[in-house]
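Below: one structure, written as structure tokens.
Every chain is numbered from 1, with letters handed out A, B, ... down the list of sequences. The basis for the numbers below is simple: all heavy atoms, side chains too, and nothing from hydrogens, waters or symmetry mates.
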Amino acid sequence: MAKTIKDHQQTKKAIGWDGKTLKQMRREMNDISKETGHYAGLRTLPFKETDPIRFEKIYSKLRGGVVHARETAKKVAASPIVEQEGELCFSLYTPEADSIVTSTGIIIHVGTMGAAIKFMIENDYEDNPGINDKDIFCNNDNHVGNVHTCDVHTLVPIFWEGEVVGWAGGVTHVIDTGASAPGSMPMGPVQRYDDGYQVTCRKIGQNDTLSKDWILESTRSVRAVKYWTLDEKTRIAGCHMIRDLVLDVIKEEGVDNYKQFIREIIEDGRRGFVNQVKTMLIPGKYRQASFVDIPFKDLDLPSFAKLNTIIHTPSEITVHKDAKLEIDFEGANRWGWHPFNATPVSITSGIWVMLSQTLVPNDRINDGAYYASKFGIPYGSWFNPDDIRSAHSNTWHALVAAWSPLWRGLSRAYFGRGYLEEVNAGNAHTSNWLMGGGYDQYGQLSAMNSFETSSCGVGASAVQDGISHSAALWNPEGDMGDMEIWELLEPLIFLGRQILPGSGGAGKYRGGNGWQSLRLGWGAKEWTMFVAGAGVMATDCGLMGGYPASSGYRFQANKTNIKERIAKGLPLPLGGDVDPDNPIYEDNMEAEVIHRDRQAVSTQEQFGDYDVIMNYLRGGPGFGDPLERNPKQVESDLNEKYILLRYAEQVYGCVFVEENGVYTVDLKATEEKRKEIRKQRLERSQPVKEWMQEERTKIMNEDASIQVRHMYAQSFALSEKFTDEFKDFWNIPEEWMIYEDDLGVPTLGAHINRFKQKK
Amino acid sequence: MAKYDKKRINELIEGTLEFYQLKEMMSSHKDPERFELYREVLQDRVSWDDPILLPYGLHLYIVQKANGDRIVKCDCGHEFCDYKENWKLHARIFVRDTEEKMNEIYPKLMSPDPEWQVIREYYCPNCAAQLEVEAVPPWYPIILDFEPDIDTFYKEWIKKPLPKA
Ligand SMILES: [Zn+2]
């Protein structure tokens, strides 16, 4: 009888445990974990329970080793994003790609690298191209589950006596990956084919050596080659350190103990997570929503992408009786022709980034937490596109907005239980991202992405103000970097950095303020620049009476007379645009083109010497009624220029006496003024039920801007539940409906449509 | 495991703790008796006698009435509705839906554009406290922020009897 392919495959020794393939191991792990509710079916933890010290010793060695690998390997990199900002991460996985321990850094990639390994397992890489000791794999394919193209993964299998005992994974945020516009999170891409050089889980090296064809192809596909190359060496160095570490642990502890350990530590992670939920939260449902503007109508883009719309992300957190945490995003709207789409893995992995800063603030976070939770990710939505053409290059734009309200939801539980010190009104939208590229001041083909965004304002808590200009949701150890260093790396000189008054949301406790930096073009050739910020919408609400943080805008001036002004010794625009109602930049220069508007996303524009561009880093939302803020704190905010006088008066209801530019609050007059404002509130407001009748009439008349109607039409087309709840809330008749097709805007790629499916 | 007294929890509520004290509270393992202590401190702070079942927001509480009802109540004494309903529907509302109204709170260009998004302020009809602020596009259904499962919380999670009126 002729040999079948199956027979042939069976003659090759499987690389999994006990003669299994990795694919078999993956399936069995899923089945038994689901069936028993315990990772790997572990109802007890015999190793941990009988020899806890040894168990902890192994944990500490692995965790310490992975952190050490990150710290050491990052010295190899040249990229400021990696070396200065620490945008890299390493993780150790089981053979079937569950994470065991993770380093510090951008830990969102615990999930994305796991997704890449799972993709290889699912696609039978064991047979072709083969998974062998000392192989090196690379992935950055968005649709495999990456966050965005610039996050490049290096994956190395770890073998012990012919068996895969695990995987080491490393990721860095690479400054340029050859998209249609320069920078790591470019504006311009609207489809996958614009997103840059995408590598789909490719074997790029054997015997610990990179293939020459890989080196040549990859370095010819990206702009800033130096950063690409050194980032790759960083990732490989870290993965090999982790591989050595694991092999040392196995030599010392024995392979069977290691195998038992990696199962138990994940189940231990799952139990730890459940315990935290029970300690910190309250069972029940928590609802919130976020919105991001897509003002693309007038941008230089393909016609099908030129429309104004809104990314809608409602979320419902359910804390179940058994402390299982479920997050459902039903009602989210459609993916679109913009670079802000995401994959399910990136939104759920990012939730771990968030949870590790609030609910589980310890180093024990691994895939155990994943097994203790459940996510509802609607197919066809912006974070689960039903089309491989979707672009993802600037997915953080939407993800940051989607995550922030979850923090607000959890805070209602912390508030209820009295853990006021944990309450956080939400997070800043970390933008505008200031990006560009071309030939830099050294004549090198290069790109830049300003990571000043890592120092935005933090949301207020229930007991203190949010910290100003200090952190990002994705990087709690934010560092804005020294101006002198950025000037060495980027062809832009600083005309100042300044706190932006009023950028943090007002409240009893104020959201942390954001700030602005003003940059002057210098020394580049054929250089372009653009920004990517949330503009016309606040991406989150405030909490319990606090206001949302300010939304964004842009300032840019091209072909200025700054050169002449310097020669004549005349004043220049300097520092922040501290009061946009009374702008002063324009008083100190002339320019052929000035963009001072709400168009906070733009596409590449030529940028030369003496051109000026502002970076605006957002503040965080506020907590509680601003009229309850301690007047002395308002006084201090005013004198330290965290707020403007007129808002100290009308939002905070304070009255001041000024002497030599120093304000002192008049407590008695403040008390009177606050009483007066409360009276005005009751006078100018109306009962909610009365207002609802007026709003209902507007809905019945379809009275709203096209972008608002488009957002609802998309959510209606994807979700029956959202539609029903909407109609039920407003008491709207069955026949009323808004369809995407009737709005006169492009609908290319709008596949899933429950109205069409019904017909 | 940390342990705090009523005085400390009252200072936490007042917002008068120093950062180093807050930092210590954040970094320590949570004190399991916090909820009971907090509930008692809050009960002492309000002027009415209905037992607090759950603090529901700044100024808002879910309280137990003698007739068995569970009501959302403001610390000023105003009673909104049953706790299963959305209290916002029984509040007063002011919607910032023009540039002018936005500019009262934010400098030019720093507020949402009302064509895209409005700001809804919900006030207590009695004391006029601003209890919640929503930033949503026009037409957005009023969000029911939080539906706690109070019975499971008391009976199965903290294993304490429900306060009785
Ligand atoms: Zn009240």
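- Contacts between A/Asn630 and chain B at a heavy-atom distance below 4.5 Å are absent for every atom of the residue.
- The pair A/Lys278-B/Glu156 does not count as a salt bridge, with every side-chain nitrogen at least 4.0 angstrom from each carboxylate oxygen.
- Looking at A/Leu644, the atoms closer than 4.5 Å to chain B (heavy atoms on both sides) all sit in the side chain, from C-beta outward.
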Trace of the salt bridge (Lys or Arg N to Asp or Glu O under 4.0 Å) decision for A/Arg684 with B/Glu104: CA-CA 14 Å; A/Arg684 74 198 292 203; B/Glu104 292 174 357; 3.2 Å; yes
Pair B/Glu121-A/Arg681, salt bridge (Lys or Arg N to Asp or Glu O under 4.0 Å): steps then yes or no: CA-CA 10 Å; B/Glu121 298 170 2; A/Arg681 278 180 180 173; 5.6 Å; no
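- The part of A/Gln650 that comes within reach of chain B is its side chain, from C-beta onward, which places non-hydrogen atoms under 4.5 angstrom from that chain.
- The contact between A/Lys508 and chain B is made entirely by side chain atoms (from C-beta outward), counting heavy-atom distances below 4.5 Å.
- In this structure, the separation between OG1 on B/Thr152 and CD1 on A/Ile282 is 12.0 Å, given to the nearest 0.5 Å.
- If you measure heavy-atom distances from A/Ala704 to chain B, the contacts under 4.5 Å come from both the backbone and the side chain.
- In this structure, A/Tyr553 OH and B/Asp113 CG are separated by 15.5 Å, a value rounded to the nearest 0.5 Å.
- Looking at B/Leu109, the atoms closer than 4.5 Å to chain A (heavy atoms on both sides) sit in the backbone and in the side chain alike.
- Neither the backbone nor the side chain of A/Ser715 comes within less than 4.5 Å of any heavy atom in chain B.
- Ring-plane geometry between B/Phe146 and A/Tyr286 is classed as parallel, the angle between the planes falling under 30 degrees on a 0 to 90 degree scale with a further cut at 60.
- For a residue to count as touching a neighbouring chain, one of its non-hydrogen atoms must lie under 4.5 Å from one of that chain's; by this rule A/Phe415 touches chain B with backbone and side chain alike.
- The pair A/Arg598-B/Glu115 does not count as a salt bridge, with every side-chain nitrogen at least 4.0 angstrom from each carboxylate oxygen.
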